[in-house]
Amino acid sequence: MLDKKYNALEKESKWLNYWNENKIYEFKKDDRKVFSIDTPPPTVNGKIHIGHIFSYSQTEMIARYKRLRGYNIFYPFGFDDNGLPSERLVEKEQGKKAHEIGREAFSKLCYQTTDKYEEEFQTLFSKLGVSTDWNIHYRTVSPSTIKISQTSFLDLINKGHCYHKESPALWCNECLTSIAQAELETKTIKTTFNYINFKTVETNEEFTIATTRPELLPAIVCVFVNPNDEVHNHLIGMNAHIPVINVDVPIMADENVAIDKGTGVVMCCTFGDQTDIFWWKKYNLPLKYIFTNDGKIINDVPNYGGMKIKDARKKIIEDLQAEGYVVKIEELEHEVQTHERCGKEVEYSVMKQWFIDIMNHKQDFIKIGNEIKWYPKHMHTRYDEWVNNVAWDWCISRQRYFGVPFPVWYCKDCGEPIFAKEEDLPVNPLVDKPNIDECPKCHGKEFIPETDVMDTWATSSVTPLINMRYKEKDNYEDILKPMSIRTNASEIIRTWDFYTIVKSFYHFGQKPWDNVMISGFVMADKGEKISKSKGNSKFEPIDLIEQYSADVIRYWAGSGRLGTDIVFSEETLLRGRKLINKIWNVSKFIEMHLQDYEDKEFNDYEYIDKWILQTFQEMEKGFINYLEEFEVGLALNTLEKFFWNFCDNYIEIVKHRLYRPIEFGEIPRYSGQKTVYTILYKLLQDFSIFFPFITEEIYQELYHQEKSIHLTNIKTLTFDFNKELKNGNDIIDIIKEARGEKSNKNVSLKTPIKNLDLHLNKDLKEGIELSIKDFKATLFIENLNIKDIKEGYSIDNIELDLESID
RNA sequence: AGAAGAUUAGCUUAAUUGGUAGAGCGUUUGUUUUACACACAAAAGGUUAUAGGUUCAAGUCCUAUAUUUUCUACCA
C-alpha cells in the first residue's frame, strides 16, 4: 500500500539506487531504432546553477519521452573540463597565474580540480533524475577525447581546411592567449573621446582626429580620409605630422571612412581594430605593432615603452595637452569587445597560429543549417546571422597549458611542421618524439614541440565524434551519423552548434544532427540573465532539490515554452508540489478501490467512464504532438489540465459507484475500476517524463509489470465513443452550476437537493439519462424533473434540503 | 545602429495557428464531504502595451510606436 504521506527525499534516493543497480538507463545496441542526444558537456568551472537545471531537464524529458515511445536511447553525458575555463578556475582557487605555477604542476592541479567538480556535477545531475547512462559519459581531457580531437585536426590538415599562419588574431592580454571571434563578449564601458590636432607636413594646415585610443599614436602608419569628404579630401596625398611622437605618415583615401563619425579623419594603426587590419591587408601597410603580449607598450617606443596600455593612454594625453594639441575631450560610453572568460578588453596580436578555414565555406555551413530542423524555428535565423557575420577564420591555437595538445613538432632548422601519425595518437609533443628521423624538407634532425594547445571549442565541437567513438573499434558510427538531436541554450549557437557543423561538414560532408532544440534562459528577478560570472542566482540547485524534491524542481524546469526565457519563481515550485501531492493522493484513492480488481476484457463502460476515457485519449494526442515538437512545457500543461479535470470532476462522480456496489451494481463498479486503472496507468506514464520518481513509486506499488515504469511503452488508446458522447462536457457544466448554487448559499456540497428541474436538449437528455445514477449521486439529488428544450440546457429550479445540514 | 523574440488579471502564465480570452498564486467567501485543508466549491479581478489597418470575425495576420530581453555590428 502507498504511504499516507509521500516522503520525496527518501523515495528519490531509493529509486536512484534501484535504477543504478538494475541498469535501467543502460545503452546497448539492439534492433530498436536509436534516438541519440548530443547534450552539452557543462564547462567545469565551478557551479551548476538553476539555468543549467532548466535546460538540462528539458533535454532529459525528451529522452524519457522517446524511451517511452520505444526508442533505444543513446544519451551520454559529458564534461567539458579542458581548456581555458578550467585553467581560470584553478588560477582563481590558487590565487596564482598559470605561468607562475609552471606547466606540469599546473596541469596536475587542473586534473585534481576538475575531478572534484565533476563528481559534484554527476551527483547533482543524478539527483535530478537525469536518465543518462554514465557508462558512456565522456570528458574532454580524457586520452580518448584527446585522440579524437587530434585525429580531427589531422583530418582537417589532410583535407586542406586547417593552416598555420602568421596572421593577426584576437589577443587577450589577461589570459595571455589568442582567442576566437566567438569568445568575444560586448561590454559597455566609459571612456573618453579625444580630439587631437595634427598638421600637414606640406602646408602646415591643422586638422583634427578624434580617438578613444591615443596610446596608439606611436603605431599610426597612415591617416585616412573619405575621398567624398569635401572638407578634408584636399589633404589626400599630403603627409601628416603626428604630434608628440614626431613622425610623418601619408594621408590616404578610402571610402570606408565614415564622414560623419568623429571628425571624418581616421588614424590607422596596426592593429587597433578590425578596420585597421582590413586596411593593413588592402594597402599592404607596414606592420607597426607596439604592444607586448601582456598588455604593455614595447620598449622600442620612446617615452612610453614599458608602460601598461592604460597608463600610456593617460601619459600621452597629458603630453598632448601640455603641448596644446588637444582640442577637447568628450566623455563617451561605447561598446568594446571583451574576452568572455575574463571580461578584459581584447587586443590584436600577430603570431603564428593554427586556423580552420571558415570564410571559404560559409555557404556550405548555411546549407547544412537549412537541412537541420531548429526548435523553435527562429533560432535558425540566429545561426544564419552568425555565419553571415563571421569575419575571421577560426583560430584554434591557444597559448595555454591545460588543453588538447597539437600533434605537431617543427623542424628546428627550417620550421617545417611535422605531424604525428594517426596510429600514434594521442600524442603529447612535449613528451613524445615525432615518428620520423629527419625533416622531409631539409633533413634536419632536431624538432621543437608545439607548445600551444587547442581552443576548448575545437574539442567540444567533436562531441558527435566522441559519442560515436570515431575510428575506434566497436564504434557507433553507423547509428550516430547523424545524431537525432542537439540541445543547448541560445548563447552557444555561434560556438558549439556552429563549430560542430563546421567539423561535421569537413569530416563527413553532412549535418551532425537532424534536430536542434534551443532552450531559453533563466532570468534573475527582473530582466537579467542568470550567469555564473554575474553570480546573480540566489538559489542553489542542491538546496532546492532537498527542500522541494527533484520532481518538483523538474516541474518548474519543464514549464514554459521552448526557447523562451523564464523567471525563476518559487510560486511555480509550490504549484508543482501541489500537483505531485495530488498525484499521490488520487493514486492512494484508486489503489484503495482496486484491491479486488482483476484486469480483463470489458466493453460495457458507463457513460461517464466513456466520457473520461475519450477525453483522455484526445488530450494525449495533443500531448504527444507537443512532445514531437519538443515542447515539453506545453505538453506538461496539457496533461496537468486534464489531470485536475480528472480528479475534481470524474473522480467526484465515480467515487459513489466505487464505494457502493450494492446500490450501483457490480458491473458499473467494475466499469469505474477498469477506467481508473487504465487512466491512472497512462497518467503515470505520461507524468513519468516529468516526475520520474513519484511515478515509479506508484507504478511499482500498483502495476509493476515491468522492471520500471521507464521501460514501458506509451500505447495510445483507440476508443471510439464520440458518437455516443455528444454532451459529456455539458453534464460536467451542469454539475458545476449546481455545486455553485450550493456554494453561493454557503452550504456543504453534500447538502441534498430536494428538487431539481432541468431543461435539456435531446442529446443532453439522453446523456443524463444514461448516467442518471452517477448524476444524482454526485449532486445528492432526491427528485429530478427533466423537461425538453431545443438547444442547450437550463437549470430552472433548485431546491436545497437545508434542514438536513445539522 | 541592425536582427530576432517578448509584452494577456496585482504576480506567474495558457489559448493546439483567425472563431465565446482559460488556469495557478495572491485576495475575499464558504465547506473539515469515508484520496487529498499542499483539499474542494465559489466570487471579484481583462478595452490582450499603444495607435492604425485587413477580415463576417483579430490575443492570433499586416504597418507603425513604446517598453523589454537576447544576438550581432559599431572602438576613427
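Chain letters run A, B, ... following the sequence lines, proteins first and then strands; every chain starts at 1. Values reported hereafter were calculated over all heavy atoms of this structure, with side chains retained and with hydrogens, waters and symmetry mates removed. As the structure is a computational prediction, the values presented were derived from the model and not from experiment.
- Proximity note for A:D648 (side chain, C-beta onward) versus B:C36, B:A41, B:U31: the nearest is B:A41.
- Distance CG (A:N389) to P (B:A1): 18 Å, rounded to an integer number of Å.
- A gap of 11 Å separates the P atoms of B:U50 and B:U60, to the nearest Å.
- For the OP1/OP2 pair of B:G5 and a distance below 4.0 Å, the side-chain nitrogens and oxygens of A:R561 include no atom meeting the criterion.
- When the P atom is compared between B:G22 and B:A1, the two are found 41 Å apart, to the nearest whole Å.
- Nearest nucleotide to the A:L749 side chain, out of B:U33, B:A15, B:U34: B:U33.
- Only the P atoms considered, B:U12 is 14 Å distant from B:U69, to the nearest whole Å.
- A:I372 and A:V516 make their closest contact through CG2-CG2, 3.6 Å (heavy atoms, listed as atom of the first residue, atom of the second, distance).
- Across all strands shown, A:F193 has heavy atoms under 4.0 Å from sugar-phosphate atoms exclusively, and none from any base.
- Regarding A:K742, its NZ atom lies at a distance of 17 Å from the P atom of B:C40, rounded to whole Å.
- Residues A:Y548 and A:W556 place their aromatic rings such that the two centres sit no closer than 6.0 Å.
- Nucleic acid contact for A:G740: sugar-phosphate only, since backbone atoms but no base atoms lie under 4.0 Å from a heavy atom of the residue.
- Summarising the geometry, the separation between CG on A:L184 and P on B:C74 is reported as 10 Å, rounded to the nearest angstrom.
- Remark on RNA chain B: of its neighbouring residues A:N649 and A:E385, the 5'-side contact belongs to A:E385, judged by nearest-heavy-atom nucleotide.
- A:C268 comes within 4.0 angstrom of no nucleic acid atom, judged by non-hydrogen atoms across all strands.
- The listed nucleotides are B:C38, B:C75, B:C40; the one nearest the side chain of A:K5 is B:C38.
- For A:W644, the side-chain atoms get nearest to B:C40 when compared with the rest of B:C75, B:C38, B:C40.
- Taking the C1' atom of each, B:G45 and B:U28 are spaced 11 Å apart, rounded to whole Å.
- One side chain, A:Y555 or A:E640, offers a donor N or O that lies under 3.5 Å from an acceptor on the other.
- Comparing atom distances between the A:Y626 side chain and each of B:U33, B:C36, B:U16 picks out B:U16 as nearest.
- Out of B:U16, B:A4, B:G30, the shortest distance to the side chain of A:N746 is found at B:G30.
- The CG-P distance, from A:N256 to B:A73, rounds to 16 Å in whole Å.
- Below 30°, between 30° and 60°, or above 60°: for A:F623 and A:F690 the angle between ring planes is above 60°, a perpendicular geometry.
- Stem analysis of RNA chain B (at least three stacked-register Watson-Crick or G-U pairs, each with both distances under 3.5 Å) gives B:1-7 with B:66-72, B:10-13 with B:22-25, B:27-31 with B:39-43, B:49-53 with B:61-65.
- The side chain of A:L634 lies closest to B:A15 when the candidates are B:U33, B:A73, B:A15.
- Between the side chains of A:D273 and A:Q337, not a single donor N or O lies within less than 3.5 Å of an accepting N or O.
- Counting any heavy atom pair closer than 4.0 Å across all strands shown, A:E652 reaches a base atom.
- Relative ring orientation between A:Y699 and A:Y703 is described as parallel, the plane-to-plane angle staying below 30° on a 0-90° scale split at 30° and 60°.
- Put simply, A:T275 has a side-chain N or O that comes within less than 4.0 Å of OP1 or OP2 on B:C75.
- Relative to the side chain of A:Q181, the nucleotides B:U70, B:A73, B:C75 differ in distance, and B:A73 lies closest.
- At a threshold of 4.0 angstrom between heavy atoms, the contacts of A:V265 are confined to the sugar-phosphate backbone, with no base atom among them.
- Taking a cutoff of 4.0 Å between a charged side-chain nitrogen and a carboxylate oxygen, A:D3 and A:K588 do not qualify as a salt bridge.
- Taking atom P in both B:U13 and B:U8, the straight-line distance is 9 Å, to the nearest Å.
- At the heavy-atom level, A:K736 lies under 4.0 Å from the strands shown only through sugar-phosphate atoms.
- Mapping A:V586 and A:T572 onto RNA chain B by nearest heavy atom places A:T572 closer to the 5' end of the strand.
- Within the 4.0 angstrom heavy-atom criterion, base atoms lie near A:R577.
- With a glycosidic angle more than 90° from 0, B:U70 adopts the anti conformation.
- Across all strands, A:E570 comes closer than 4.0 Å to no nucleic acid atom at all (heavy-atom distances).
- Electrostatic pairing of A:K745 and A:E741 counts as a salt bridge here, judged by a charged N lying under 4.0 Å from a carboxylate O.
- No side-chain donor-acceptor contact under 3.5 Å links A:N581 to the backbone of A:R577.
- Between A:K588 atom NZ and B:U34 atom C1' the separation is 13 Å, expressed in whole Å.
- Distance A:W556 CH2 to B:U12 P: 15 Å, rounded to the nearest Å.
- When distances run from any side-chain atom of A:N637 to the nucleotides B:A14, B:A39, B:C36, the shortest one goes to B:A14.
- Atom pair A:E183:CD and B:C71:P shows a separation of 15 Å (rounding to whole Å applied).
- The distance between atom CD1 of A:I566 and atom P of B:U7, rounded to the nearest whole Å, is 15 Å.
- For the OP1/OP2 pair of B:C40 and a distance below 4.0 Å, the side-chain nitrogens and oxygens of A:K582 include at least one atom meeting the criterion.
- Nucleic acid contact for A:D276: none, since no nucleic acid atom lies under 4.0 Å from a heavy atom of the residue.
- Rounded to the nearest Å, the gap between the C1' atom of B:U33 and that of B:U67 is 50 Å.
- Taking atom P in both B:G10 and B:A49, the straight-line distance is 13 Å, to the nearest Å.
- Residue contacts for A:N744: at a heavy-atom cut-off of 4.0 Å it reaches the sugar-phosphate backbone alone, with no base atom in range.
- We find that A:E330 and A:K328 are joined by a salt bridge, their nearest charged nitrogen and carboxylate oxygen being less than 4.0 Å apart.
- Side-chain contact between A:D497 and A:N488: present, with at least one pair of heavy atoms (C-beta onward) separated by less than 4.5 Å.
- Proximity note for A:T212 (side chain, C-beta onward) versus B:A14, B:C75, B:A23: the nearest is B:C75.
- Here A:I651 lies in heavy-atom contact (under 4.0 Å) with a base.
- A:T186 comes within 4.0 angstrom of a nucleotide base, judged by non-hydrogen atoms across all strands.
- On the P atoms, B:U48 is 10 Å away from B:A9, given to the nearest whole Å.
- Looking at A:D254 and A:K282, a side-chain N of the basic residue comes within less than 4.0 Å of a carboxylate O on the acidic one, giving a salt bridge.
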